[in-house]
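I have placed the structure first, in the form of structure tokens, so that the comments after it can refer back to it.
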Amino acid sequence: MTTQLLPFPADWQTGLVLVAHPDDPEYGMAPAVARWTAQGRHIVYALASSGEAGIEGMDPAEAGPAREAEQRASAAIVGVDEVEFWGFPDSAIRNTPELRNRIQQTITRVKPDLILSLFGGPEWAPGQPNQSDHMEFAAAVIEAYDALDPITRPRRLFENGPSATHAVDVTDQIDVAVNSLAAHAKYLSVLDPATPVVEQARRQIDMVTAPRDDFDDLRAACFELKRGPE
């Protein structure tokens, strides 16, 4: 018998999305973010790097600002108007005291009810390795969270990854999520020059929001509860 995913909690108002690079929110979280902001919830994005090493053939000094601009445009499409970049080096993110301090400072300032972070495991699936930046960053988020005062820290910490425990019905948010990912036009056009950007975005969103037989066959954005009740 298939274990059913739990509906994502509804008893919250402010969420903090912590990721390593521009476009990280769009590869899995953005459909849920679009639903939540439409419901009146407040979401803040904080990114460790500007993704300056992510566009092949483009100087990092040019790529960083370009990717920041694309991330802000992408976030606005799903209703997020607070986006910050911390300036840690793309492709060399490490779980350091400096990074953990920045995570804690941001949590303390934003005062979110819950945190949404990146998958930190070694593989998404057999033969599909995770990025080092993602693993290091996710570990830093968990360590930083655990070191906070249990009384005042956010009640829940989720990762957007393959071992899901909770899901959000995003049936009505597919098109806006596609548009949000497609806003990373420079990045995607270099990543796959032969495929139109919107087609790349549609393919990715269709993959990560495929109907789930463990969630009433609904199209879903999925999260694993790493810390908190339930």
Side-chain angles (χ1 to χ4, degrees), residues 1-20 23-47 75 78-80 103 106-107 110-125 128 130 134-135 137-146 148 150 152-178 180-181 204-230:
M1 181 176 177
T2 302
T3 301
Q4 296 296 298
L5 294 174
L6 296 171
F8 199 88
D11 58 341
W12 62 280
Q13 182 60 32
T14 299
L16 174 60
V17 171
L18 297 172
V19 296
D23 81 33
D24 283 345
E26 287 67 56
Y27 274 84
M29 300 188 211
V33 170
R35 174 168 179 156
W36 293 328
T37 59
Q39 294 170 339
R41 292 188 169 92
H42 179 56
I43 307 292
V44 176
Y45 284 2
L47 296 88
V78 294
V80 174
I103 291 166
T106 303
I107 294 171
V110 175
K111 295 181 174 63
D113 302 305
L114 57 80
I115 294 168
L116 301 155
S117 185
L118 294 169
F119 172 57
E123 289 187 317
W124 283 88
Q128 297 180 24
N130 198 2
H134 289 182
M135 292 187 287
F137 183 80
V141 171
I142 288 177
E143 286 190 36
Y145 176 91
D146 286 346
L148 290 169
T152 59
R153 70 189 178 198
R155 291 185 67 219
R156 299 181 180 95
L157 165 61
F158 289 91
E159 285 184 359
N160 177 225
S163 301
T165 57
H166 292 68
V168 182
D169 177 4
V170 294
T171 303
D172 296 332
Q173 284 74 42
I174 302 303
D175 287 344
V176 70
V178 169
S180 182
L181 180 53
Q204 174 65 25
I205 297 302
D206 283 346
M207 180 176 66
V208 298
T209 64
R212 305 274 309 211
D213 60 6
D214 53 1
F215 197 60
D216 297 330
D217 290 321
L218 295 170
R219 299 194 69 165
C222 299
F223 301 87
E224 180 184 0
L225 182 65
K226 303 296 289 187
R227 298 288 189 272
E230 300 173 81

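Note: hydrogens, waters and symmetry copies are ignored here, and every other heavy atom, side chains too, is used. This structure is a prediction, so every number in the text was calculated from the model and none was measured. All residue numbers refer to positions in the sequence shown, counting from 1.
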Notebook entry, point to check: How far apart are the closest heavy atoms of Ser180 and Glu26, and which atoms are they?
Noted result: OG-CG, 3.5 Å
Note to self: I'd like to know if the side chain of Ser117 and the backbone of Ala138 have a donor-acceptor N/O pair within less than 3.5 Å.
What the structure shows: no
Checklist line | Check: Gly120 main-chain N/O paired with Glu159 side-chain donor or acceptor under 3.5 Å | finding: yes
Margin query: Any heavy-atom pair between the side chains of Leu218 and Arg212 that's under 4.5 Å?
Written below: no
Checklist line | Gln13 backbone acceptor or donor facing Asp113 side chain under 3.5 Å | finding: yes
Anything under 3.5 Å between a donor and an acceptor, one on a side chain of residues 170-178, the other on a protein residue two or more places apart or in another chain? List them.
unit_1, atom_1, unit_2, atom_2, d
Thr171, OG1, Asp169, OD1, 2.6
Asp175, OD1, Arg202, NH1, 2.9
Asp175, OD1, Arg202, NH2, 3.2

Next item on the list: Grab the two heavy atoms, one from Pro31 and one from Thr209, that are nearest each other, plus how far apart they are.
Entry: CG-CG2, 3.9 Å
Checklist line | Qualifying residues under side-chain contact (heavy atoms from CB on, under 4.5 Å), relative to Arg227, sequence neighbours excluded | finding: Ile142, Tyr145, Asp146, Leu157
Check: Residues in side-chain contact (heavy atoms from CB on, under 4.5 Å) with Asn160, at least two apart?
Finding: Met29, Phe223
Item checked: Test item: Val19 and Tyr45 side chains (from C-beta on) under 4.5 Å apart, heavy atoms -> no
Next item on the list: Determine, using ring centers only, whether Phe158 and His166 are less than 6.0 Å apart.
Entry: yes
Next item on the list: Report yes if the side chains of Arg35 and Val168 come closer than 4.5 Å at any heavy-atom pair, otherwise no.
Entry: yes
Check: Do Leu118 and Asp24 have side chains that get closer than 4.5 Å, going by heavy atoms?
Finding: yes
Next item on the list: Take the angle between the ring planes of Trp36 and Phe8 and call it parallel below 30°, perpendicular above 60°, tilted in between.
Entry: tilted
Notebook entry, point to check: Hey, what do you get for CG (Asp216) to CD (Gln4), rounding to the nearest 0.5 Å?
Noted result: 6.5 Å
Next item on the list: With sequence neighbours excluded, tell me which residues meet side-chain contact (heavy atoms from CB on, under 4.5 Å) with Ala164.
Entry: Leu5, Cys222
Margin query: Distance check, rounded to the nearest 0.5 Å: Leu16 atom CG versus His42 atom NE2?
Written below: 9.5 Å
Margin query: Please find the pair of heavy atoms, one from Ala167 and one from Ala220, that lie closest to each other, and give the distance.
Written below: CB-CB, 4.0 Å
Next item on the list: With the side chain counted from C-beta on, respond yes when Asp11 and Arg156 share a heavy-atom pair under 4.5 Å apart, and no when they do not.
Entry: yes
Notebook entry, point to check: Taking the side chain as C-beta and beyond, is there a heavy-atom pair between Leu116 and Leu18 under 4.5 Å?
Noted result: no
Margin query: Holding to side-chain contact (heavy atoms from CB on, under 4.5 Å), I want the full list of residues that pass it with Glu123, two or more places apart in sequence or in another chain.
Written below: none
Check: Does Asp206 pair with Arg219 as a salt bridge, N-O distance under 4.0 Å?
Finding: yes
Check: Rounded to the nearest 0.5 Å, how far does NZ of Lys226 lie from CD1 of Ile115?
Finding: 13.5 Å
Note to self: Pair Gln204, Tyr27 - check side chain to side chain contact (heavy atoms under 4.5 Å, CB included), show working.
What the structure shows: CA-CA 7 Å; Gln204 174 65 25; Tyr27 274 84; 3.2 Å; yes
Next item on the list: Please report the shortest heavy-atom distance between Ala144 and Ile103, naming the atom on each side.
Entry: CB-CG2, 3.7 Å
Notebook entry, point to check: Taking only residues two or more places apart in sequence or in another chain, which ones pass side-chain hydrogen bond (donor to acceptor under 3.5 Å, both in side chains) with Trp12?
Noted result: none
Next item on the list: Report yes if the side chains of Pro112 and Ile107 come closer than 4.5 Å at any heavy-atom pair, otherwise no.
Entry: yes
Notebook entry, point to check: Would a 4.5 Å heavy-atom cut-off, applied to side chains only, mark Thr165 and Leu6 as touching?
Noted result: no
